[in-house]
Engineer: 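Below is the structure I would like to discuss, written out as structure tokens.
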Amino acid sequence: MVNKIITAPILPRKRSFYTDLIRDKYLLLMVLPTVIIFLVYNYLPMIWNLIAFENYSIRKGIFGSAWIGLENFEKFFSSPYCGRVIRNTFVISFTDLLLGWPVPIAFALLLSEIKSMRVKRVVQTCSYLPHFISVVVVVGMMHIFFSSTSGVVNKLIVNMGGEAIPFFSTASCFLWLYVFSGIWQNFGWDSIIYFSAISAIDPQIYEAAIVDGAGRWQKMFKITLPSIAPTIFTLLILRIGWLMSVGFEKIILMYNEATYATADVISTYVYRVGLLNADFSYGTAIGLFNSLISLVLIFGANYLSRKLTDTSVF
Amino acid sequence: MNNDIRLQRHHYGKLRTNNRMTSSIVIYFVIIVAALVTVYPFFYVIVNSFSDPSEVLRRNVWLWPIRPTLVAYRELLHESEVFTAYMNTIWYTVVGTTLNVFFTLLAGYALSIKSFCLRKQISLFVIITMFVSGGIIPTYIVVCKTGLYDTRWALIIPTLISAYNLIITRAYMETIPYELTESGKLDGANDFGILFRIIFPVAKPIIALLVIYYAVQHWNEYFNPMIYLQNRALKPVQLYLRDILVANTTAATQQAATGNAKTVLYEELKFTNIVITVLPITIIYPFFQKYFIQGVMIGAVKG
């Protein structure tokens with residue numbers, strides 16, 4: 001009798017994908033809006049990239065327009081702007097990376113040396129503030145400070161006997177205005193992650209170091225920095241992956257014809273020829289080229305990350 | 001001999017405290033300079049917005065308001081364009097954020113359920129969009145084709161769910177103990193019941209995070225309104241700001257041509273407009289600080 005109960009097989013109910021769908025009907029209903037939105041506004045545009053290979057006209061539609069193969073790409077590669085926008089994209093994003101990457105690390109290291117919790121909190125709250133401000137306001141404030149006629153900086157320069165510099169219409173100034181305003185806006189916010197990595201370090205390590213006679217700078221460079229190195233490198237690699245997505249929304253607000261030579265990047269060029277001049281096919285072709293480089297960089301960065309730090313995004 | 005060592009130790013210790021003092025001073029100095037550099041531009045704008053217009057025009061105000069006055073703020077009340085733009089921004093922020101948060105929580109909860117049959121596939125479907133995008137122009141065409149061009153919904157529907165926010169919501173929901181969901185199931189609630197009655201009350205940190213992320217994004221947005229909206233009556237305040245601060249276009253030349261008292265005020269209105277745009281965020285965000293620090297951490301863990 002007892003045996004019988006034990007050996008009686010508990011047959012699993014026959015499961016199929018269909019019964020699973022019925023069981024999860026409410027969950028499916030919950031993700032349905034998300035799936036529809038992503039399908040229409042993220043995946044459908046990917047298909048619309050096909051117009052890069054045709055001479056698209058709104059009247060004829062995507063299927064009625066003439067296919068022209070790679071003509072749009074050839075047009076871009078042989079245009080005088082091609083070299084300029086590719087070079088600017090890389091120069092701006094690399095400078096931004098090289099100068100913008102160490103600042104939040106240094107800030108987090110120094111701030112973690114401050115013992116007073118109140119000072120720490122106030123400084124942190126101040127330094128996060130610019131992150132929440134729109135690019136329009138940031139660029140607007142830059143105009144207020146750096147304008148050639150009424151800017152405060154130029155007023156100072158003139159008062160000290162110098163000559164006013166038209167920062168916004170000087171091609172060589174653009175890069176520095178762009179990079180330093182970016183650092184100003186984001187160093188505090190970017191330091192959050194290093195700051196929490198530092199606070200996760202075991203205090204016993206520091207106590208041991210103090211017994212061994214380590215000073216403040218020794219502790220910083222021999223304990224703190226090596227401990228947060230994985231975080232530092234993971235973030236560096238992530239940023240390399242995002243190199244191609246330079247802040248074109250900010251550049252569009254900052255540049256003008258006088259600074260196109262150093263400020264015009266691939267995505268701003270796409271915006272101008274594609275949307276402002278309504279040359280949809282040509283703009284899409286250049287945008288597609290940009291996305292391809294971007295993909296290569298992301299996968300390359302991810303590969304590097306897996307090889308070097310054993311962490312990867314996917 | 002013994003004395004010697006003691007003396008040496010004494011000296012060495014003194015040297016170290018001196019070193020420590022200097023390095024402390026250096027560190028405090030650097031940190032305080034960094035804090036001042038971030039805050040001063042805002043301070044400058046606020047001080048100018050309260051000063052006498054002619055002094056503002058001459059750029060004499062830099063530390064303290066000169067002949068404090070509210071004249072520019074009063075002028076702002078009469079600018080119907082600013083009022084419309086400001087109301088539009090509030091509409092986009094309130095309606096947009098409400099819908100964003102609601103749909104992100106729904107999907108985030110569903111994707112956090114381990115037994116959900118399409119969990120992996122839909123998560124991948126969402127994550128791919130973080131790395132591959134359709135590009136500006138194809139997206140623009142699709143938004144126009146779906147009839148959203150020059151409507152308020154162009155700023156709401158295409159960006160209804162952010163992939164990044166959805167993934168951190170899913171990550172947060174996964175940390176909620178399964179026993180809670182289980183107890184709901186035993187009480188006979190369906191997934192909607194579980195989500196609204198059991199999960200929502202314990203998910204306050206992630207809701208706060210989503211609210212601040214989405215709201216700041218709507219409040220600060222200028223690019224999408226710029227390309228999707230033609231009708232002046234629909235434009236948000238960021239576009240108005242762009243016109244007076246960056247483009248320095250129509251309004252400026254018009255007012256300069258009329259040459260009335262408004263010309264003098266025009267410079268100062270730049271400052272007051274920045275203040276009213278930035279103020280709401282500046283007031284609200286310190287209250288959310290602890291939540292978004294958590295958010296950065298969840299995001300970091302998930303890549």
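Source: prediction; values computed, not measured.
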Engineer: Any side-chain to backbone donor/acceptor pair from B:Tyr285 onto A:Thr125? Under 3.5 Å, distance only.
Structural biologist: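 Yes, because the side chain of B:Tyr285 sits within donor-acceptor range (under 3.5 Å) of the backbone of A:Thr125.
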Engineer: Side chain from CB out, backbone as N, CA, C, O: work out which of these in B:Tyr140 comes under 4.5 Å of a heavy atom of chain A, or both, or neither.
Structural biologist: side chain
Engineer: Checking B:Phe103 against chain A: side chain, backbone, both or neither under 4.5 Å from a heavy atom?
Structural biologist: both
Engineer: Closest heavy-atom contact between A:Lys155 and B:Arg59?
Structural biologist: NZ-O, 2.9 Å
Engineer: From B:Cys117 SG over to A:Ile22 CD1, what is the distance, rounded to the nearest 0.5 angstrom?
Structural biologist: 10.0 Å
Engineer: What part of B:Leu239 gets within 4.5 angstrom of chain A, counting heavy atoms only: side chain, backbone, both, or neither?
Structural biologist: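 For B:Leu239, no heavy atom lies under 4.5 Å from chain A.
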Engineer: Go through it in stages, so that I can follow the logic: the residues are B:Trp62 and A:Phe145, the test is ring-ring contact (aromatic ring centres under 6.0 Å, His included), and I'd like the CA-CA distance, side-chain angles, deciding distance and then a yes or no.
Structural biologist: CA-CA 11 Å; B:Trp62 64 279; A:Phe145 279 87; over 10 Å; no
Engineer: Could you report the tightest heavy-atom contact between B:Ala34 and A:Phe107, atom names first, then the distance?
Structural biologist: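 Looks like CB-CE1, 4.1 Å.
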Engineer: Quick check: under 4.5 Å, non-hydrogen atoms only, which of residues 274-281 of chain A neighbour chain B?
Structural biologist: A:Gly274, A:Leu275, A:Phe280
Engineer: Checking the side chain of B:Asn220 only, and the main-chain atoms of A:Phe132 only, is there a donor and an acceptor separated by less than 3.5 Å?
Structural biologist: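 Yes, because the side chain of B:Asn220 sits within donor-acceptor range (under 3.5 Å) of the backbone of A:Phe132.
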Engineer: Name the region of B:Leu166, side chain, backbone, both or neither, that has any atom closer than 4.5 Å to a heavy atom of chain A.
Structural biologist: side chain
Engineer: Does A:Val119 reach the side chain of B:Tyr28, with side-chain heavy atoms less than 4.5 Å apart?
Structural biologist: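 Yes, close enough: below the 4.5 Å cut-off.
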Engineer: What part of B:Tyr240 gets closer than 4.5 Å to chain A, counting heavy atoms only: side chain, backbone, both or neither?
Structural biologist: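 Neither part.
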Engineer: Could you measure the distance from the OG atom of B:Ser23 to the CH2 atom of A:Trp217? Nearest 0.5 Å is fine.
Structural biologist: 5.5 Å
Engineer: Nearest 0.5 Å, what's the CG-CZ distance between A:Leu297 and B:Phe131?
Structural biologist: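 Answer rounded to 0.5 Å: 13.0 Å.
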Engineer: Enter the distance from A:Leu110:CG to B:Ile27:CD1 here, rounded to the nearest 0.5 Å.
Structural biologist: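 Reported value, rounded in 0.5 Å steps: 5.5 Å.
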Engineer: Show your working on ring-ring contact (aromatic ring centres under 6.0 Å, His included) between B:Tyr109 and A:Tyr26 and close with a plain yes or no.
Structural biologist: CA-CA 11 Å; B:Tyr109 169 74; A:Tyr26 293 115; over 10 Å; no
Engineer: Side chain, backbone, both or neither: which part of B:Val216 has a non-hydrogen atom closer than 4.5 Å to chain A?
Structural biologist: side chain
Engineer: Given side chains that start at C-beta, do those of A:Met30 and B:Leu195 come closer than 4.5 Å, heavy atoms only?
Structural biologist: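 Contact flag for A:Met30/B:Leu195 side chains = yes.
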Engineer: Just by distance, do the side chain of A:Trp48 and the backbone of B:Val142 share a donor-acceptor pair under 3.5 Å?
Structural biologist: no
Engineer: Are B:Trp153 and A:Tyr41 an aromatic pair, judged by ring center distance below 6.0 Å?
Structural biologist: no
Engineer: Please round to the nearest 0.5 Å and tell me the distance separating atom CZ of B:Phe223 and atom NZ of A:Lys250.
Structural biologist: 16.0 Å
